[in-house]
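It should be emphasised that the depicted structure is a prediction, and the values quoted were computed from it without experimental measurement. When a ligand or atom number is given, it counts from 1 through the structure's own listing order.
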Amino acid sequence: MEDCIFCKIIKGEIPTSKVYEDDEILAFNDINPAAPIHILVIPKKHIDCIAHLSKEDEPIIGKIYSVINKIAEEKGFKEQGFRVIVNSGKDGGQEVMHLHFHVLAGRKLGEKIV
Ligand code: AMP
Ligand code: ZN
């Protein structure tokens, strides 16, 4: 998608510090980290948000969680714990309209919202 900042990152038009990449998924460090470790995991296919997922997207969502575990293991925070957050839409606080999974770790995370 042309004006999508994360699609531009996927195409290499905007530089990022990459954490993981395969043919379907990219992970990179958040530019404005909310924790010592703050990684964004995204599908390379442009999907706006959770509300716009289709049946054919179901496998990629499962794969994203496997990639998150792989990263957690490699970065050494799997046992200590981490938090995965997906904001969706305006009320969910989503600013970049390309589905992304925030992975936060490296400190005791604050108050739970739910
Ligand atoms: P959200 O509010 O859930 O849409 O989160 C968007 C996230 O993208 C924020 O945490 C931003 O800091 C992050 N972000 C925006 N632009 C970039 C970029 N160029 N590289 C890395 N992270 C970014
Ligand atoms: Zn996109």
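Using a 4.0 Å cut-off between a side-chain N of Lys or Arg and a carboxylate O of Asp or Glu, Lys44 and Glu21 qualify as a salt bridge.
In this structure, His98 has its ring center at least 6.0 angstrom away from the ring center of His100. A ring-centre distance under 6.0 Å is found for Phe101 and Tyr65.
Taking Glu24 as the reference, Lys63 meet the side-chain hydrogen bond (donor to acceptor under 3.5 Å, both in side chains) condition, with sequence neighbours excluded. Contacts of Glu56 classified as salt bridge (charged side-chain N to carboxylate O under 4.0 Å, His left out), with partners at least two apart in sequence or in another chain: Lys45.
There is no path of hydrophobic side-chain contacts, each under 4.5 Å, that joins Ile9 to Val19.
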- Query: Does the pair Glu73 and Lys70 meet the rule for a salt bridge (Lys or Arg N to Asp or Glu O under 4.0 Å), with working shown?
  - Reply: CA-CA 5 Å; Glu73 184 130 40; Lys70 193 178 160 72; over 6 Å; no
- Taking it one step at a time, do Ile39 and Asp30 satisfy side-chain contact (heavy atoms from CB on, under 4.5 Å)? CA-CA 5 Å; Ile39 296 164; Asp30 196 292; over 6 Å; no
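Nearest approach of Pro43 to Ile10, heavy atoms of both residues: O-CD1, 3.9 Å.
Taking 2.8 Å as the limit, the number of protein N, O or S atoms around the Zn ion (ligand 2) is 4.
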Ligand-protein N/O pairs under 3.5 Å (ligand 1):
unit_1	atom_1	unit_2	atom_2	d
ligand 1	2 (O)	Gly93	O	3.1
ligand 1	2 (O)	Glu95	N	3.3
ligand 1	3 (O)	Asn87	ND2	2.8
ligand 1	3 (O)	His100	NE2	2.8
ligand 1	3 (O)	His102	NE2	2.9
ligand 1	4 (O)	Glu95	N	2.6
ligand 1	4 (O)	Val96	N	2.9
ligand 1	4 (O)	His100	NE2	3.0
ligand 1	5 (O)	His100	NE2	3.1
ligand 1	5 (O)	His102	NE2	3.3
ligand 1	10 (O)	Asp30	OD1	3.2
ligand 1	10 (O)	Asp30	OD2	2.5
ligand 1	12 (O)	Asp30	OD1	2.5
ligand 1	22 (N)	Ile31	N	3.1

